[in-house]
Amino acid sequence: MTAIVETAPAKINLALHVRRRRADGYHELETLFAFCRDGDVVTVERADSNSLTLTGPFAGVLAGETQDDNLVMRAARGFCARFGVSEGHAIALDKHLPVASGIGGGSADAAATLRALARLHGVATDDYALFALAADLGADVPACLLGQTARGEGKGDALQPLEPLGGRPVLLVNPGVGVSTAAVFGRWDGVDRGALGQGDVMTVAKAGRNDLEPPARAIAPQIDAVLALLASAPGVELARMSGSGATCFGIFDDIGARDAAAEQARERGWWALPTFLR
């Protein structure tokens, strides 16, 4: 086995309820994770030493990071330490998702790195130790490692797999601004607006909310225009901001309607990714 290739699919939060701030600095969350078919791509090969090569339209944003800062390299080092692997790895990250945008980004890349390394070294991708490592890397990394529709609780890493959403057309739109997760959580007003409901995924999602939308919109007012475009698009079932922003999504009942909305977004100079839910 030479090179292992793993997609790092974009993550969206169909709903995100923030319940309280925890003593460990994280927040108690209830969320619905869903994943798209498209995203970044991670390739891993055995090598004499560790290296990371960046390509893709958003590679330049990460170019200034050190190996200590980069979540992909932290995932690789953590895997080797956890599973007793002494050899190096050449890792290539083809970066197509915007950075600091609420759709998984670094968490998805780290999870794809863990999956690729697990396949390379004969570790089961559902190994408990792999998920424990993912939780150490970040709150969203376990969900991205699972990579399927799921309900997340705790800090988002207590996962309950749910029925997949069956290839529904979805459009991701980012107005070209990065939003700091810490800044958005820092502006959350601390009000518990209630629990996530129960039932089928789309019913629960539509009845839910994203409690981080108001603080994110205060930081990046461009989100208002994105949500207005998506919410008014013909054929849209659900339009909402994902995670801490600034990327928003629209789930459509028709591919043509999705693609028309994508064209409108691009005419405004926004990043748009028409894709499907997994």
Side-chain angles (χ1 to χ4, degrees), residues 9-35 71 74-75 78 100-111 114 126 128-163 165 178-220 223 227 238-249 251:
K11 174 265 318 178
I12 60 174
N13 299 89
L14 299 172
L16 176 55
H17 294 199
V18 185
R19 307 301 304 277
R20 64 179 179 88
R21 185 176 176 87
R22 296 157 43 129
D24 61 7
Y26 285 97
H27 290 74
E28 195 74 22
L29 306 176
E30 295 176 7
T31 186
L32 290 177
F33 291 109
F35 291 86
L71 201 54
R74 287 172 53 199
S101 61
I103 50 174
S107 295
D109 297 339
L114 293 179
D126 61 354
Y128 174 81
L130 200 63
F131 275 87
L133 171 57
D136 290 343
L137 292 168
D140 279 350
V141 182
C144 292
L145 181 59
L146 182 66
Q148 68 179 81
T149 308
R151 186 183 181 109
E153 297 185 355
K155 61 182 183 181
D157 59 345
L159 301 170
Q160 175 192 350
L162 301 172
E163 286 295 315
L165 289 169
V179 181
S180 161
T181 298
V184 172
F185 271 104
R187 285 194 176 216
W188 175 60
D189 62 10
V191 176
D192 181 355
R193 292 175 171 81
L196 198 63
Q198 299 290 335
D200 72 87
V201 175
M202 284 302 294
T203 298
V204 174
K206 289 176 181 178
R209 59 186 188 272
N210 184 344
D211 287 329
L212 298 182
E213 254 186 44
R217 292 169 85 159
I219 294 170
I223 296 170
L227 285 171
L238 176 65
R240 188 165 285 157
M241 189 186 83
S242 179
S244 57
T247 305
C248 303
F249 65 88
I251 299 174

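Using modelled atom types, no side-chain atom of D157 and backbone atom of V141 make a donor-acceptor pair closer than 3.5 Å. No side-chain donor-acceptor contact under 3.5 Å links K11 to the backbone of S107. Put simply, the side chain of T247 gets close to the backbone of S101: a donor and an acceptor are under 3.5 Å apart. Judged purely by atom type and a 3.5 angstrom limit, H17 has no side-chain atom pairing as donor or acceptor with the backbone of R193. Remark: the backbone N or O of A158 is not paired with any side-chain donor or acceptor of E153 at under 3.5 angstrom. Side chain of R151 to backbone of L196: a donor-acceptor contact under 3.5 angstrom is found.
Between G102 and S242, the closest heavy-atom pair is O-OG, 2.8 Å. Nearest heavy-atom pair across V179 and A246 is CG2-CB, 3.6 Å. Heavy atoms only, all atoms of each residue included: A75 and A110 are closest at CB-O, 3.8 Å. Across every non-hydrogen atom of P9 and A108, the tightest pair is O-CB, 3.6 Å. Among all heavy-atom pairs drawn from A216 and S244, the shortest one is CB-O, 3.7 Å.
Rounded to the nearest 0.5 angstrom, L159 CG and Q148 CD are separated by 9.0 Å. Summarising the geometry, atom CD belonging to E213 is positioned 5.5 Å from atom CE belonging to M241; distances are rounded to the nearest 0.5 Å. Atom-to-atom distance recorded for L114:CG and C144:SG is 10.5 Å, nearest 0.5 angstrom.
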>> For a side chain to side chain contact (heavy atoms under 4.5 Å, CB included) check, start with the C-alpha distance between F185 and S180, then their side-chain angles and the critical distance, and finish with the verdict.
In response: CA-CA 9 Å; F185 271 104; S180 161; over 6 Å; no
>> Under the criterion side chain to side chain contact (heavy atoms under 4.5 Å, CB included), I'd like the reasoning laid out for L165 against V201: C-alpha separation, chi angles, the key distance, then a yes or no.
In response: CA-CA 8 Å; L165 289 169; V201 175; 3.8 Å; yes
> Passes salt bridge (Lys or Arg N to Asp or Glu O under 4.0 Å), R20 versus D192? Steps please.
Replying inline: CA-CA 7 Å; R20 64 179 179 88; D192 181 355; over 6 Å; no
> Checking side chain to side chain contact (heavy atoms under 4.5 Å, CB included) for the pair I223/C248: CA distance, chi angles, key distance, verdict?
Replying inline: CA-CA 8 Å; I223 296 170; C248 303; 3.8 Å; yes
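By the 4.5 Å heavy-atom criterion applied to side chains, T149 and L32 are not counted as neighbours. By the 4.5 Å heavy-atom criterion applied to side chains, R240 and L14 are not counted as neighbours. When side chains are defined from C-beta on, L146 counts as touching P161, because their heavy atoms get closer than 4.5 Å. Side-chain contact between L212 and T181 is absent, with no heavy atoms from C-beta onward closer than 4.5 Å. Counting heavy atoms from C-beta outward, D200 and M202 have side chains that approach closer than 4.5 Å.
Geometric assessment of K155 against the ring of Y26 yields a positive cation-pi assignment under the 6.0 Å and 45° thresholds.
For the side-chain contact (heavy atoms from CB on, under 4.5 Å) with F249, the lone residue among I12, N13, I103, L227 that qualifies is I12.
Between E30 and R19 there is a salt bridge, with a side-chain nitrogen of the basic residue lying less than 4.0 Å from a carboxylate oxygen of the acidic one.
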